Amino acid sequence: MNKLRQELLVRAFKAVIFAGLLMLGRLSFGIAWFAFLALASLAYALIIVIYAFWIWRH
């Protein structure tokens, strides 16, 4: 169970890094879709973190 939680947190970290890169692309190119995808990636990371902590608590 601990390994599953660790894998979920690694996925969340990757999603946050991806969101950061998308926001950097948004600032560089001014494309609004990058901002939308970055917000979706951050929402995905938040869901993963909540699920990982739910697993950890139960």
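All of these numbers come straight from a predicted model, not from anything done at the bench.
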K.L.:
Check the hydrophobic clustering (I, L, V, M, F, W, Y; side-chain heavy atoms under 4.5 Å; chains of links allowed) and say if Tyr44 and Tyr51 are grouped together.
P.N.:
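Yes: a chain of side-chain contacts under 4.5 Å links Tyr44 to Tyr51.
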
K.L.:
Run the salt-bridge test on Lys3 and Glu7 with the 4.0 Å N-O cut-off and return the result as yes or no.
P.N.:
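No, this pair does not count.
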
K.L.:
Should Leu4 and Trp54 be counted in the same cluster of Ile, Leu, Val, Met, Phe, Trp and Tyr side chains packed under 4.5 Å apart?
P.N.:
yes

K.L.:
Of all heavy-atom pairs between Ala12 and Ala45, which one has the smallest distance, and what is that distance?
P.N.:
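Smallest interatomic distance, heavy atoms only, reads O-CB, 3.6 Å.
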
K.L.:
Between atom CD1 of Ile55 and atom CG of Asn2, what is the distance when rounded to the nearest 0.5 Å?
P.N.:
11.0 Å

K.L.:
If hydrophobic clusters are built from ILVMFWY residues whose side chains come within less than 4.5 Å, do Val49 and Ile47 share one?
P.N.:
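No; tracing contacts between hydrophobic side chains, which count when under 4.5 Å, never links both residues.
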
K.L.:
Could you tell me the separation between the CE atom of Met23 and the CG atom of Leu39, rounded to the nearest 0.5 Å?
P.N.:
7.0 Å

K.L.:
About how many Å separate CG of Leu21 and CZ of Phe18, when rounded to the nearest 0.5 Å?
P.N.:
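With rounding to 0.5 Å, CZ (Phe18) is 8.0 Å from CG (Leu21).
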
K.L.:
About how many Å separate CD1 of Ile48 and CZ of Arg11, when rounded to the nearest 0.5 Å?
P.N.:
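Separation between the atoms: 6.5 Å.
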
K.L.:
Mind checking what makes ring-ring contact (aromatic ring centres under 6.0 Å, His included) contact with Phe13, not counting sequence neighbours?
P.N.:
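Applying ring-ring contact (aromatic ring centres under 6.0 Å, His included) to Phe13 gives none.
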
K.L.:
Return the minimal non-hydrogen interatomic distance between Ala15 and Ser41, and the atom names on each side.
P.N.:
O-OG, 2.7 Å

